Amino acid sequence: MSKVFSKLEDIDRRYYYWAIFLILAVPFIKPLGMPISIKQSTRDLYKGVDQVEPGEVVLIDWHMSVSTWPECLDGLVAELKVLTSHDVKIVITSISVDCEMSWNKVNQLVPALRDKYEYGKDIVFLGYYAGGEPTNQQMAIDVWSVFPTDHFKTPIAELPLMAEARTANDYAIVLTTGENEIVWVNQWWTPYGVPVGVMGIAMKGSALQPYYNSGDIFGLAVGVRGGAEFELLIGEPAGAVTRMDSISLSHLSVVILIIIANTGVLYNKLTGGKK
Amino acid sequence: MAFIKTKGFLAVPLIIAVVMFADYFIAVKEVASLAGILRTWALVISSMALGLGVVNLVRVHGKNIYVRKPGMWIFSTVTLFTFTVVFLAGVLAKQSDLWNWPFQHVYTTLQQTMYAATGFYIVSSAYRAFRARNVDATLLLISGCVVALRNAPIGEAIWGGFSVLGDWFMDVGQLPGYRVFAMVTGFGIIAYSLRVILGSERGFYGGRRE
Amino acid sequence: MIREGRVFALLLFILAYCLIYVYVRMAKGGKVIKARALPPLMAIPEAVGRCAEMGRPLVYTVGIGGTISSGSGPDILAGITILGYTAREAAKRGVPLKFFTTTIDAAPLIEETLKSAYLAEGKSEEYKEDTIELIANQSSLVSRYLGWIQREMPASACMIGYLAYESVVLSEGGNTIGAMQISGTTNQYQTPFLVASTDYTFIMEELWAASAEISGDLYSVGALAGEDVLKFFILAIMGIGLLLGLFGASGFLINLLRL
Amino acid sequence: MPYPTDLLGLLGIWTGFFLTIAIYSYQLYKENVLYRLAEHIYVGIAFAIVAVTTWETTQKTAVVPLLNGEYIYLIPLALGVMMYTIFTSKIRWMSRYSVAVLVGTSIGVRTVSLIVPSIISQVISTISAPKNTALDIFNYLFIGVGTVCALLYFILTHEHKGVLKGTAQFGRYVMMIGLGTMFGNTILMRMAMLSGRVEYLLQVLKIIPM
């Protein structure tokens, strides 16, 4: 018996890699369509986004570089669909150098941004900013001092929307996508009471739970799972939902491997076999 | 002049930090506007400092090419050639395909592909590295597997308990740990800030701590 | 005068600075302050001994990042301080040491640390020039580190510094060759993988405590003691508040904290 | 998104396809020339984007206000240029003033801004009275006692003896549940990213719709 476990251990790691590649591919070809339950923290995020009144302004901050699209893009698109259906005004900033790609992508995936929204009046893409938390603090006091122009080099004074979205108090909520939440809790929620909602990467699900539990973050959806739940809440299952089946099989495989490996170790310990 | 070269800069963090502290705790107009100016300066400096990595890249790969480092200089040429073409396209012809095409098809693909490679290693480590070698690791692996099966719809289909247990871990079980991590990080930054202000922390100047 | 909702924060901030400053002065005045027993630190001599017994080298890395960034800087400096301690143990036992990292801006500091460790043990001539291997980026670090350990089969491996996702790959490589592994970083996202796949792990601030213990830097040691008193103060509030909360009577304490 | 029909679009997705295969040839096969070529193209183009962003952000934040007559911006611009003296040994001291401004601002803002959300509001939510269902009271006690014990674990200058031994050990176990939950969530992240790449390859091969 212990030969089986050590055999599995000596398998060339590339077999594992080919196996996970195929396990991830199969559900795209033959979807399983597993039901997905929805967490309360995702419902709270949806409620907070859905409650924004037409004409109010929302700030969306991307720490979502191109590499985290598979995790956060679908959730962001779902959020934008809700906001655009309520005619909410949107200002977008980012701390990723490749944010221009994300801007082009959301314009492809959310038709209302192209057809219904007028750039400069309903939506403004301010683009990249450096400097970290001091810059977020400065934006709360005067967005114009951080962004003399938008991403397309248009002077900020020439954008009508920015006249009514200059300080933290002019914004209804802040939505962050990716990782950059704590600075908004520190610099916009704690001092000015502007609620912060997070469509984050899955790894942040732990570090942010204390802030959601203490009410410093009004809603929290993490990873592709959070995106899928949000898509279901708005009744438009899309990218995230289709990917959940391959998440299912891959997770099951990892858990089974961990259980087999540790059973092997336990078996070897009990029978005094090879370490 | 020697003082300016070796000691003068140590006073700068102290002065700026005190202004920022004052602006946080007391509402005085002059302090607030001074803090605002300093923040805007920091924004400009950090925007410009973003390019330090670029200079470092050009130096490292430039040297490889210059000394014809075996097995490396050809690849360094590829890196510098790609860098030059895309940089010039970005500065001179931002709206053209010469910028959009490499950005959309080459960069997006490679950025996602490189970042996603860790998915492979999770699988091989699942069998060959993640061991219940002590009580700590056992608790970690049990809660980790339950949360993994809670995140996967198939987990809930296998046994409803995974989503109940998984939710408990996520909503309650992990709270003490991450709450203390948040606090301890806070205490650590406070202690680190005092060392920076008093000039005893010099690591970030590239020198050895005093 | 003081902004609303920040009175208690100001008191806590002043208390923290006073406590740390007092303990730093006491440390400078000769008071001996020691960090508690840290299993990963106590395991370093054992790891070096294992290399000596098996006649194999020890490999060490401080991960990625740069000293200039306030995010990775403190961890890398702590990793380099612990490297000095490990190098002395290795020099004492004649164990060859190999060092990998991408933190190019710390190269002078690393070389100085290693040379002074071998000098302190009177074995400057045993320090080999190719001990340090500086690598351009994270993915090259992974391929060069894995290639080296599969060839040289080190008996022990230390990954202490600012670690990112490469730590999953490096620790799996170490497990495959049966090396004893010690790891440490304050990067919360990697700590779970390090606990699950290495033998000893510094968790969060334990890394800085170990570095303070080795370097004997009075500010760091004093800060540890000062922070502990601050933690006891917070613990007292939480202890009392917890009991009151059970009976729904923690309201006035919460209002006090919200001042 | 529709499958591209124009030449540039087709060329783009197939370039992306082969670059993805080249990168994963390292894991699925072994290190090879194609992998190193793709890796070095990635480094080149990634730094080109950083360089273009540096160029544009510096213009946006400093040059535009300067041209509007705000001459005070000459100071941060000068400090930004001084940052680059870090690459020379003779005048490197000038970069220390730029670093000092950045570190002073960052420490000044971060240190005080985290006290309320990361320390005080965490204490407040630990001691807020629970609702009176049995589960709520159990969770309240678990989180409260767990947070106290986990913080006791981070008492670093007192040996874990006597009362401190048992409580700190319980604190460490509670932290392991937190770390395990992070472990489970990280598997979700890594697999989501890798599935994104697999989906892309299948789409380019027209096995599934784009």
Side-chain angles (χ1 to χ4, degrees), chain C residues 5-6 8-10 12-13 16 23 33-38 68 70 105 136-137 139-140 143 147 165 168 188-193 195-196 203-206 208-209 212-213 221 224-225 227-228 231-232 234-235 237-251 253-254 257-258, chain D residues 23 26 31 35-36 39-40 42-43 86 95 99 102-103 106-107 110-113 115-116 119-130 132 137 140-141 143-145 147-148 151-161 164 168 172 175-176 178-186 189-190:
Chain C
R6 297 185 183 175
F8 190 82
L10 178 60
L12 203 61
F13 180 55
Y23 274 90
I33 299 173
K34 282 189 66 53
R36 65 167 163 81
L38 296 162
I68 287 184
S70 64
D105 60 356
N137 58 45
S139 41
S140 318
S143 46
Y165 87 82
V168 175
Q188 288 178 22
Y189 307 136
Q190 296 313 318
T191 305
F193 295 93
V195 171
I203 295 187
M204 298 295 291
E205 246 197 338
E206 285 184 322
W208 295 353
E213 178 76 4
V221 170
L224 281 186
E227 274 181 60
D228 275 358
K231 289 168 191 167
F232 279 126
I234 296 286
L235 281 165
I237 295 175
M238 275 205 292
I240 297 162
L242 262 176
L243 289 177
L244 294 175
L246 257 184
F247 309 104
S250 56
L253 187 55
I254 289 173
L257 293 172
R258 285 214 168 99
Chain D
I23 292 289
Y26 173 77
E31 182 162 15
Y35 166 76
R36 298 195 67 186
E39 185 191 20
H40 281 81
Y42 166 66
V43 171
I86 205 164
S95 68
V99 170
L102 284 188
V103 170
S106 164
I107 284 289
R110 279 181 72 199
T111 308
V112 284
S113 302
I115 295 174
V116 170
I119 298 174
I120 296 175
S121 78
Q122 298 307 320
V123 171
I124 289 171
S125 49
T126 305
I127 62 175
S128 301
N132 45 31
I137 291 172
Y140 171 79
L141 287 174
I143 293 171
V145 172
T147 303
V148 166
L151 191 51
L152 280 171
Y153 177 81
F154 280 107
I155 298 294
L156 294 166
T157 55
H158 294 269
E159 290 302 336
H160 284 176
K161 285 204 292 276
L164 201 51
R172 187 180 167 96
M175 271 192 286
M176 289 306 143
L179 292 175
T181 308
M182 163 78 81
F183 179 90
N185 280 329
T186 304
M189 172 177 166
R190 303 292 182 204

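Owing to the predicted nature of the structure, the values given are computational and were not obtained by experimental measurement. Below, read A as the first sequence line, B as the second, and so on, with proteins coming before strands; counting in each chain starts at 1.
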Let's test your reading of the structure: which of C/Ala16, C/Ala37, C/Gly248 forms the most heavy-atom pairs below 4.5 Å with chain D? C/Ala37
Per-residue contact mode, C/Leu257 against chain D (heavy atom under 4.5 angstrom): both
With chain C as the partner, which of D/Arg190, D/Glu39, D/Arg172 has the greatest number of non-hydrogen pairs under 4.5 Å? D/Glu39
Would you say the side chain of C/Leu246 lies within less than 4.5 Å of the side chain of D/Tyr140, judging by non-hydrogen atoms? yes
Working to the nearest 0.5 angstrom, can you tell me the gap between C/Leu12 CG and D/Ile120 CD1? 5.5 Å
When you measure from the centre of the six-membered ring of D/Tyr153, is the NZ or CZ of C/Arg36 closer than 6.0 Å and no more than 45° off the axis? yes
Examine whether an atom of D/Tyr35 lies under 4.5 Å from a heavy atom of chain C, and if so say whether it belongs to the side chain, the backbone or both; otherwise answer neither. side chain
Once you round to the nearest 0.5 Å, how far does OG1 of D/Thr186 lie from OH of C/Tyr165? 14.5 Å
Determine whether D/His158 and C/Asp228 make a side-chain contact, defined as any pair of heavy atoms from C-beta on separated by less than 4.5 Å. yes
If I measure from the heavy atoms of chain D, does C/Tyr189 come under 4.5 Å with its side chain, its backbone, both, or neither? both
Can you name the closest pair of heavy atoms from C/Ser250 and D/Ala129 and give their distance? OG-N, 3.9 Å
Taking D/Leu102, D/Val123, D/Val43 one by one, which has the highest count of heavy-atom pairs under 4.5 Å against chain C? D/Val123
Looking at chain D, which one of C/Gly245, C/Ala196, C/Gly147, C/Gly5 has the largest number of heavy-atom pairs inside 4.5 Å, strictly under? C/Gly245
Less than 4.5 Å apart, side chain to side chain, heavy atoms only: is that true for C/Ile203 and D/Phe154? yes
Less than 4.5 Å apart, side chain to side chain, heavy atoms only: is that true for C/Lys231 and D/Leu152? no
Kindly indicate whether the side chain of C/Gln188, heavy atoms from C-beta on, has any atom under 4.5 Å from the side chain of D/Leu179. no
Could you tell me how the ring of D/Phe183 sits relative to the ring of C/Phe193: parallel (under 30°), tilted (30 to 60°) or perpendicular (over 60°)? tilted
Honestly, the part of C/Lys34 sitting under 4.5 Å from a heavy atom of chain D is backbone
Is any side-chain heavy atom of D/Ser128 closer than 4.5 Å to one of C/Ile254? yes
Using non-hydrogen atoms only, which part of D/Thr111 is less than 4.5 Å away from chain C: side chain, backbone, both, or neither? side chain
Check whether any side-chain N or O of D/Thr157 sits under 3.5 Å from a backbone N or O of C/Ala35 as a donor-acceptor pair, and report yes or no. no
With a 4.5 Å cut-off on heavy-atom pairs, point out which of D/Ile115, D/Val145, D/Ile124, D/Val112 contacts chain C the most. D/Ile124
side-chain contact (heavy atoms from CB on, under 4.5 Å) assessment of D/Leu156 paired with C/Glu206: CA-CA 8 Å; D/Leu156 294 166; C/Glu206 285 184 322; 4.2 Å; yes
Leading residue by heavy atom contact count with chain D [cutoff under 4.5 Å; candidates C/Arg6, C/Arg258, C/Glu213]: C/Arg258
Residues C/Leu235 and D/Val148: closest non-hydrogen pair is CD2-O, 3.5 Å
Proximity breakdown for C/Ile240 and chain D, heavy-atom pairs closer than 4.5 Å: neither
What part of C/Ile33 gets within 4.5 angstrom of chain D, counting heavy atoms only: side chain, backbone, both, or neither? side chain
